[in-house]
Amino acid sequence: MSHSLHYWKHIEEAGHTCILKEATAFQHASEVEDVVRKENVDAALAIHIYKGGRFLPDIGIPYGVIFGGTDINEDIKDEHKREVMGIVLLEARFAVVFTDKMKITVETYWPFTKNKIHVQPQGIITRPSTTLKWKTFLESSGIEQEEDNPYVFLLVCGLRHVKDPLYLMDAFSEWHQKEKSVHLVIIGPAVDPFFTKEVAAKVEQETGIHLVLEKPQKDLHAVMKKCFAVVNSSISEGMSATILEAMDLEVPVLARNIPGNAAIVKHGETGLLYSDPQEFVKLSKRLMCCPDFKKGIVSNAREYVKKHHSAESERMAYQRLILSLQ
């Protein structure tokens, strides 16, 4: 929900009243119609074409849609979901994608969208808490305090299959057994309760791996700022806000080499991309032993975010798009 709040704020700042609802709260379009009627809703904005957008056709109000990651990378492979997404796009006033490559993909599947697709990268704002106690966080995570300077690698993700938090566990645990100062902390909400149990069971079996409940965004940003590096292990991504937030906080990023990550991480310049767990360990060791290399990466990454992911540019773009729903 974190980036949903950005969109909510953009809309409210333009003088509109915005009601934020989780798509998972609805089973049928009739339930959305009830909200529209009771709250006197004039227009809608769906984040994720299939999960959120499927409820919007034929409910009688104009709407726009924002592509996420799973819809463009995974749902599009499913014939039924692809058909539903096409219907959603047909009636949408506008559709937003994060990259030019995503725009090409959408137009390839649905040529009629050519004049309604807008490319708008995510805007990033980080506000780390100043009250978070790092030692307390380490203790609560299960990291022993006799280690003066543990190397904490932070994997921030909702616990679900597409984020693949199991991917690095074996290799990282094996590395930890040789270098006790390295730790992998997985932090995020239990999006998929059954998969969360699987992750928790695996963490129990491994050494050097820690599972932490999700935290408020300001606390999470404070943890990110204090950790050694932020990790992404996803099978697919649209545009990872966590990666961009880490860049803004001047923390190095180690991201799995998938198209969504490669679109925002330039290997060796603004972050590091790995193709397998062994390469992850190799690149992590390089970061640890080469402080100048690390310094250059975080400096380049911060400049990249400032130039290409301005929250102000995002705000102006969405306020313009919302006008088309009036």
Applying salt bridge (charged side-chain N to carboxylate O under 4.0 Å, His left out) to E12 and K9, what does each step give before you reach the verdict? CA-CA 5 Å; E12 291 264 324; K9 188 176 180 182; over 6 Å; no
Salt bridge between [X] and [Y], side-chain N to carboxylate O under 4.0 Å?
{"X": "R82", "Y": "D75", "result": "no"}
{"X": "R315", "Y": "E312", "result": "yes"}
{"X": "K202", "Y": "E206", "result": "yes"}

Non-hydrogen atoms of H210 and G142 that approach each other most closely: CE1-O, 3.5 Å
Listed by chain and number, what are the salt bridge (charged side-chain N to carboxylate O under 4.0 Å, His left out) partners of E107, not counting sequence neighbours? K103
Quick one: list whatever passes salt bridge (charged side-chain N to carboxylate O under 4.0 Å, His left out) with D192, sequence neighbours left out. none
Under a 3.5 Å cutoff, is there a donor and acceptor pairing between the side chains of [X] and [Y]?
{"X": "S129", "Y": "T131", "value": "yes"}
{"X": "E237", "Y": "N73", "value": "no"}
{"X": "H309", "Y": "Q122", "value": "no"}
{"X": "D248", "Y": "T126", "value": "yes"}
{"X": "H10", "Y": "Q319", "value": "no"}

Same cluster (ILVMFWY, side-chain, under 4.5 Å), W134 and L154: yes
Which atom pairs, donor and acceptor, lie under 3.5 Å between side-chain atoms of residues 83-101 and protein residues at least two apart or in another chain?
{"residue": "E91", "atom": "OE1", "partner": "D58", "partner atom": "N", "Å": "3.4"}
{"residue": "R93", "atom": "NH1", "partner": "S324", "partner atom": "O", "Å": "2.5"}
{"residue": "T99", "atom": "OG1", "partner": "M102", "partner atom": "N", "Å": "3.1"}

Centre-to-centre under 6.0 Å for F153 and W175, is that the case here? yes
Where do L283 and K285 land on the side-chain contact (heavy atoms from CB on, under 4.5 Å) test, with the steps shown first? CA-CA 5 Å; L283 292 171; K285 289 179 177 178; over 6 Å; no
Is the shortest side-chain heavy-atom distance between V223 and K225 below 4.5 Å? no
